[in-house]
Structure formats: C-alpha cells, structure tokens
Protein chains: 2
Amino acid sequence: MHYSSFLNYINKYIDLTEKEIAFLRSNTNYKKYLKGHYIVQQGAVCKHTNFIISGCTKNFYVDQQGQEHIVTFAIENWWSADLSSFITQTPSDFNVKCIEATEVIQFTYQNQDEIFQNIPKMETLFRKLLEKALVSSQKRIVNNFSLSAKDQYLYFKKQFSTIEQRVPQYMVASYLGITKEFLSKIKTELAKD
Amino acid sequence: MHYSSFLNYINKYIDLTEKEIAFLRSNTNYKKYLKGHYIVQQGAVCKHTNFIISGCTKNFYVDQQGQEHIVTFAIENWWSADLSSFITQTPSDFNVKCIEATEVIQFTYQNQDEIFQNIPKMETLFRKLLEKALVSSQKRIVNNFSLSAKDQYLYFKKQFSTIEQRVPQYMVASYLGITKEFLSKIKTELAKD
DNA sequence: TGAATTTGTTAATCTAGTTTATTTTTTTAT
DNA sequence: ATAAAAAAATAAACTAGATTAACAAATTCA
C-alpha cells in the first residue's frame, strides 16, 4: 500500500500504536501528480504539506524579470510545501512543481493541527525536522557567502548526488544561483583534472 | 525582575499557569554578558538557547581566509544560539558574540527537553517559532539570488531599521555578503536622490 | 585634551560571473 | 528511424561587486 513507505519513515523516529497509525491514516490522503504538474502555484494558498513517496519536486520563485529561482528540491522521503503560505494560509510567492511523476501523502493545516493534538510525538518529530531544515538553510546562506560558485557546486554534488542525476543541469544552476552557461563552464573546467 | 520581559513574551503566544511559570523559572537561568564577550565560540559546544532580554548579538562564521560572515543579528525579544551545535550538542562552526552588553534567559538542552515534556504548549510555541525562522531564512536565500546588493540593503533597512542603527556599517555589509567599501558606495549613491 | 583605535570614504584596478548569440548534443514523440 | 523540441556547450563582450591602498571621521579612553 502507498502508506507503508510513509509509515516506515515515521517509524524511524517515533513509535506509534495501532490506534495512532489509524488516526494518522484517517487524517492524511494519498495523491498522484503527473510530471510537470503543479502542487502549489504562486498566488494560490498552499493547502497541504506533502510527504513524497516517489518522484521529485522543485520549489521555486519567479522574479519580476521572469527568472526562475529554485529554493529547494525534494525527493522520496522528504517533505515538500511552501511553508510560508502553509503556516499562514495566505497566497504563496512560490511554486511547487513535479519534475517527475510524484506520489505524495498530504495533509491540510487542520489535519496537521489535529495530528499534533492527538499525537504529541508527531509534533516533536516535526519540531526536530524544522530544526534540521533551519540548520541546513543557514548553512546554505553561509556557503553562498564564503564559497566560490565552483565550490558551491562541489558541495551540492557531494550532498545531493542523487538529485543531480535526476534533474537537468540548468535547474542545478538555478538552485546554485548561477547561470546555466557558467555552470557548464565550471563542469568543463572540473573535467580537465 | 529579569524574568518579566521573558514571561511577557511567552504570554503573547500562550497562557501559562502559575505552576508552569514556576517550572519554567526553575529550568532557566539569567545571565549577563559584557560587550565583546562570546556566548558561543567556534569549536565549543553551544550549551544554551538564549532569549535576549536586552542587548544585541551577532551570530557569525569565520571562513578559511579569516573573513567574518554574519549569519544573523539578535536583539531584545529574539532568540540567539547556534542551533546546529545546540541540537546535536557537538562543536560549533559559529560564534555568538555580544555587540552590546547583553542580558539573557538561557536554558540547556536538558532544560529544554524537560520544559517540552512538562509544558507541551512550549513545544508548540517553539515549533511555530522554528517555522517562522525557516521561512525568513528561505526568503533570505531568494533575496540573495534575485536582488542586487542595493535592493538587498534596502530590504534589510526596511526590515531591521532598529538593528541598522545599533551596529557598525561594516557588520551590515558582512550580513549582506558584500564588502564594506561597496556598501559605502551604495549609500552615497542612495544619498544623491 | 589629545593620542590611539575603530569606523567609514574614495578611487583605481581587477575578476568572477552575466549576457547575448550561435552551435551541438540529447531527449521525446511519432 | 527521424523530425522537433529540450538541454548543454562554446565563446566574445560586458558589469556588478571585490581588492588594494590611502585618507578622513568618529569614538574611546588615559
């Protein structure tokens, strides 16, 4: 069943009783998106937090010049949403789009609230996930400041080699905040060694 | 008393009973740091999460070239720590240093754990604070990508005018990820209008 | 009060990364 | 298998921001 990979994931961090599992199941739902489809669109409210069972998404922002800036990728066993829009339930500045066909377990703001109230362990888990996400977000800011584009690329490669193999190169460039032309240049330079 | 501003802050978000307040008090402690003193030092474990009662701190990283990069500032009613080191209780890559004499309420990892176990509302509060912090961290990444140095400065000014007035200009430059010379240039250009 | 230290300015030169434009390679769909 | 579309490479001209260095203001503190 679709839920098993979700429950396996949860199980790595906390122990749930049968009752709690049933409660979780009744407060989430499964959804499948096709490649290229949007889970969240700029201007719309982000209704769900999504746990990815399979597939790959990008969370990105389109600036005034029409340029796309990728904030995060997400693959199996990661969470994907526009957090800002989700927690405030106001229109989003970001898009979440499927780079591959993507299966998710999703829950609404209300679902989340009820889950936290009924299964406090779940709130603890989320608190810890947020802590980790904030740490890596801050790490990214520091890298932006202190590493050259080349070193940032190498860091990305090391950290997310699976993702690099699944997304087109111009998206990696967008994630790194450089042009696709410059990333291409960096790669040919690196290949010389 | 020192605690009143801390309790006022907490009170804005959640209601605590007398008992809970007493518990909180017995699981935190007050400390005063002089200007220039370190709350956390690169290489040491970050023992406490700090709630700032008065003063101003910077959280920064010194890179291999000896260059200082400011990740965050914190003033009254903000939280300050090296989250990465605190949650893992391993040596820190960052420093937290007082730009002004700074009074804090601090709690250890163990304190925090006990607080969350005894006052679940506190964990909910922290979960929400982390959500907000993550949103603004992601916003900063996007700004880094899509705004010119000038526009990033204007955004900082708008968002943190109080901080700008309290810290030297070269620290603002460091926070923005540009040189102090270039920030100076930006400011004289802006002054022409 | 004034010497020392810290902070901020100006200007010339330099470079990492952008822009624009063209060509080549890979993928997708028929 | 092949035409069309998407992705990647190459290269020349350009620019935002860095570096270096010298100087000017503002603070600090004896």
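The analysis underlying the following values was restricted to heavy atoms, covering all of them including side chains, and did not include hydrogens, waters or symmetry mates. Below, chains carry the letters A, B, ... as their sequence lines are ordered, and counting in each starts from 1. Bear in mind the structure is a predicted one, so any value in this text is a computation, not a measurement.
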Roughly how many Å is it from [atom1] in [X] to [atom2] in [N], rounded to a whole number?
X	N	atom1	atom2	result
B/Ile99	C/dT6	CD1	C1'	15 Å
A/Tyr170	D/dA9	OH	C1'	16 Å
A/Asn144	C/dG17	CG	C1'	14 Å
A/Glu100	C/dT27	CD	P	15 Å
A/Arg166	D/dA7	CZ	C1'	19 Å
B/Leu183	C/dA11	CG	P	17 Å
A/Met171	D/dA6	CE	P	12 Å
B/Glu68	C/dT6	CD	C1'	14 Å

Heavy-atom closest pair (A/Ser174 atom, A/Glu68 atom, distance to 0.1 Å) is OG-O, 3.1 Å

So, [X] and [Y]: side-chain donor and acceptor under 3.5 Å apart, yes or no?
X	Y	answer
B/Ser80	B/Thr57	yes
B/Asn111	B/Thr108	yes
A/Thr124	B/Glu123	yes

Protein heavy-atom contacts under 4.0 Å, written 5' to 3' over nucleotides 14-30 of chain D as B (base), S (sugar-phosphate only) or - (none), form the string ---BSBB----------

Against the side chain of A/Gln169, the closest entry in C/dT7, D/dA9, C/dT10 is D/dA9

Looking at B/Arg127 and B/Glu131, is there a salt bridge between them, counting it only when a charged N and a carboxylate O are closer than 4.0 Å?
yes

Axis-to-axis angle for the helix from C/dT1-D/dA30 to C/dT30-D/dA1, ends of five pairs each, to 10°, equals 60°

Parallel, tilted or perpendicular: which fits the ring planes of A/Tyr9 and A/Phe51, with parallel below 30° and perpendicular above 60°?
-> tilted

| query | Side-chain contact, heavy-atom cut-off 4.5 Å: B/Tyr153 with B/Lys187? | reply | yes

Only one of A/Tyr175, A/Phe60, A/Trp79, A/Phe160 passes ring pair (Phe, Tyr, Trp, His ring centres under 6.0 Å) with A/Phe73, and that residue is A/Tyr175

**Item:** B/Tyr109 and B/Phe86 aromatic centres sub-6.0 Å
**Value:** yes

